[in-house]
> 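Below are the structure tokens for one structure; questions will follow.
Atoms within a ligand are numbered from 1 in the order they appear, just like the ligands themselves. Count residues from 1 along the sequence.
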Amino acid sequence: MKQYASDAIRNVALIGHGAAGKTMVGESMLRRAGMINRLGSIEEGTTVSDYNADEVDRQISIHSSWLHAGTMETKFNIIDTPGYSDFVGEVRGALGVVDTTILVVHGVNGIEIGTEMTWNFARDEEKPRVIFINMMDKEHADFDGVLLNLQDRFGRQVFPIQFPVNQGPDFDSVIDLVKMKKLSYAEGENNCVEEPIPDALKDRADEMHQELIELVAESDDSLLEKFFEDAMTEEDLREGLHKAIVENTVFPVLCGSAANNIGTWRLLEFIAKYTPAPTELPPFEGKLDGDTVEVACDSDEPAVAFVFKTVSEEHVGDLSFLRLYRGTIGHGDNLVNTSRSTKERLGQLFVLNGKDRTEVGRVSAGDIVAAVKLKSTHTNDTLASEDAEVVLPKIQFPEPVIRSAIRTASKGDEDKLSTGLTTMHEEDPTFRYEVDPELGQTIISGLGELHLENVVNRICQRFNIEVELEEPRIPYRETIRKSAERQGKFKKQSGGRGQYGDAYVRIEPMERGSGFEFVDAIVGGVIPGKFIPSVEKGIREAMEEGVIAGYKVVDVRATVFDGSHHSVDSSDVAFKVAGAMAFRDAFKEADPILLEPIYDVEVTVPEEYMGDVMGDISGRRGKIQGVDSDGHFQLIKAQIPLANLHKYSTTLRSITAGRGMHRRKFSHYDPVPSDITQEIIKKAQQEKDEE
Ligand SMILES: Nc1nc2c(ncn2[C@@H]2O[C@H](COP(=O)(O)OP(=O)(O)O)[C@@H](O)[C@H]2O)c(=O)[nH]1
Ligand SMILES: [Mg+2]
């Protein structure tokens, strides 16, 4: 593929709810651009974008994939993203590096949770948004209804550039309100046929064209003047529309049927004409030696590139995906990884269509390219020319929401698992892992069960191991509800040098979250000062180990107030043991209880699922804190014990048919109900006996 100049490049991401047809829109764009000879199908697993085995199996997109098309003198870099919240990390990564988003909306269902979620991402990043209402061939396709729904939710700047002539099963043409033509799509053609608008639709088209002119005029003062003087030309409209889209004051709506290959030729043309080239955007901000610098899209300046994705796959090989913000790059260039201060030499560069790669020579500023995996460069790193070691800001990936414990099925595979975990985290920043010494488990976390399942399958395949997922243990805490005091006496005086330590300890409950306080109330040196730290140490160790069920003790004040010593046999060790004994005995008398972590949970669901979701929350010992309405969705705020949140995203998905989403955050510790406490103590006892 040839080198395209910066202003001939368009970087777009297909975003939206799962199953709205994003992958098919991408497929149809490739077909209309002449990049492929036949349209693949989701059901047969033959689309360019969803080529991974896991995607073919589930018939959904899991990874973002990059498609490219060179046509109309324009190079389109199209990133198809997954629509399920488990994989929003991929959406974030894509949004970080494209200049325009194409929000694909279902022509029957209208706004769904993923529509809203991804719109908000694009809005927060101030990315231009083109809306494509897909599925216009469906029996109940309702362009006007969905359009109203969108305008209602996202404002009247959402404006149709087209409307369908014959929505429903016969759908094949649209009226285009910029061209003021009827566009018909015949199978097999690359472009579409332009014809005059039929008389029956002329009035409606004229009226909407006029409204479009007004809307565009409103976004620019000089145009508005012309508009009032009746001097605004079609050329002014085109320029004004382009500017309004770049500046986010108009969100144009197009429509089509991707599965029937309808509407996407004009979509490509529209993107080429009206959405921004990388050169039109304000410069990015980076850091150079600690100072903020502007990185403008200019091929003549030193190179600055950003790694937004890393893949390591059987069919594709090991590749780093780069967006080049400035300069040009090519095979053999020496660069610096400015995020890690290491040197890198670029290997071959490729453009991809799903898994099919084609080698390219140099690429211009603004383009997207894949490089053969660099030796120490990961997602979110910046590569720059040695002349200007700029570092770009990292993409903010979402925080993990769910956890699971993982272990190898057979002993001896631990090293492979640990390499696997590291590799996956490097590829996917929303996947994390840690070895938790408190729980004695390796904990992995991610954005949903499907996400974790997917990562784990990939580890198993790539590193040829078997693993087991377990419920992560809950980090319960032990504490007390009243005061108690006990003596701890450790005495061993048979043969050789003896041991003697004797301490009286009083414990009292403290406020939740206050931790531990040690008070030395010894008077008259009944315990010599040098042994006091040993008493404290013994108590601290006993607290770490737990008393009733093996969990850490918190929120206790311990006062050592009496004791005795022996001039020869007393020692640090003896006082440590005495302190621990006194503490443990007192603890058992002080009305001990268990505390459990409580999480703040926010669930977003369409109204109709509210009842089921709230019922389920109560069943999880959750407490509803409030309900807000957020557009077409309800935002339920609740507090739920962590012990009852395992696999919550799966449950939520099944209750809401995939239309619910949740977030969670640790809130505080609360007492565990007594029946459950008894079970936990019993289980801890059993585990101890088994050891
Ligand atoms: N009838 C019809 N089906 C479509 C259309 N676009 C996509 N589909 C089907 O809708 C399902 C979801 O499409 P897909 O492209 O995977 O959606 P994505 O999750 O947004 O990428 C698949 O079964 C497609 O074949 C369309 O325009 N019309
Ligand atoms: Mg898809």
Side-chain angles (χ1 to χ4, degrees), residues 12-32 36 38-67 78-91 93-94 101-119 130-143 146 162 164 166-174 185 187 253-267 353-355 450-451 454 653 657-659:
V12 300
L14 293 161
I15 60 171
H17 190 72
K22 297 175 293 299
T23 298
M24 280 311 290
V25 170
E27 184 80 7
S28 177
M29 287 165 94
L30 291 187
R31 175 70 193 86
R32 288 287 171 190
I36 52 174
R38 78 178 267 274
L39 204 62
S41 124
I42 302 287
E43 285 69 22
E44 289 165 20
T46 51
T47 61
V48 176
S49 174
D50 286 356
Y51 61 84
N52 269 287
D54 45 5
E55 300 178 312
V56 172
D57 286 352
R58 290 185 191 273
Q59 302 192 1
I60 62 167
S61 310
I62 289 176
H63 315 282
S64 59
S65 50
W66 168 35
L67 315 171
I78 304 162
I79 303 184
D80 177 28
T81 66
Y84 293 92
S85 60
D86 280 52
F87 308 109
V88 300
E90 299 278 319
V91 183
T101 56
I102 304 173
L103 181 75
V104 179
V105 181
H106 195 293
V108 179
N109 300 349
I111 295 180
E112 299 172 88
I113 192 137
T115 322
E116 177 113 11
M117 178 178 80
T118 53
W119 170 277
V130 173
I131 300 172
F132 187 78
I133 303 183
N134 189 34
M135 308 260 182
M136 291 317 297
D137 62 297
K138 290 262 185 194
E139 178 91 44
H140 298 288
D142 177 11
F143 180 83
V146 172
Q162 302 180 332
N166 49 351
Q167 64 184 354
D170 296 329
F171 175 70
D172 70 349
S173 42
V174 301
Y185 286 81
E187 187 45 51
V253 181
L254 289 83
C255 66
S257 163
N260 295 294
N261 206 12
I262 297 169
T264 41
W265 187 83
R266 176 60 170 149
L267 179 62
N353 258 331
K355 66 175 184 306
L450 211 54
H451 179 211
N454 182 263
R653 192 192 338 270
R659 301 176 68 196

> Which protein residues come within less than 4.0 angstrom of ligand 1, counting heavy atoms only?
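Within 4.0 Å of ligand 1, the protein residues are H17, G18, A19, A20, G21, K22, T23, M24, I42, E43, S61, N134, M135, D137, K138, S257, A258, A259.
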> Apply side-chain hydrogen bond (donor to acceptor under 3.5 Å, both in side chains) to residues S49 and S65 and explain how you reach the verdict.
CA-CA 6 Å; S49 174; S65 50; 2.5 Å; yes
> Treating Q167 as the side-chain partner and M136 as the backbone partner, does any N or O pair qualify as donor plus acceptor under 3.5 Å?
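Side chain of Q167 to backbone of M136, a donor-acceptor pair under 3.5 Å: no, none is there.
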> Less than 4.5 Å apart, side chain to side chain, heavy atoms only: is that true for P82 and I60?
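A side-chain contact is absent here, since even the closest heavy-atom pair is not under 4.5 Å.
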> Can you tell me how the ring of H451 sits relative to the ring of F87, calling it parallel under 30°, perpendicular over 60° and tilted otherwise?
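Correct class here is perpendicular.
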> Determine the minimum heavy-atom distance between G263 and F132, stating which atoms define it.
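Reported closest heavy-atom pair: O-CE1, 3.9 Å.
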> Which protein N, O or S atoms sit under 2.8 Å from the Mg ion (ligand 2)?
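Only T23 OG1, S61 OG fall inside 2.8 Å of the Mg ion (ligand 2).
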> Going through the checks in order, is the side-chain hydrogen bond (donor to acceptor under 3.5 Å, both in side chains) test met by S61 and T23?
CA-CA 8 Å; S61 310; T23 298; 2.7 Å; yes
> Indicate yes or no: at least one non-hydrogen side-chain atom of I131 is less than 4.5 angstrom from one of L254.
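The answer is no; the side chains never approach within 4.5 Å.
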> Taking atom types as modelled, find out whether D50 and H63 have a side-chain donor-acceptor pair closer than 3.5 angstrom.
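No.
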> Would you say I102 and M29 make side-chain contact, with heavy atoms under 4.5 Å?
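Yes, at least one pair of side-chain atoms sits under 4.5 Å.
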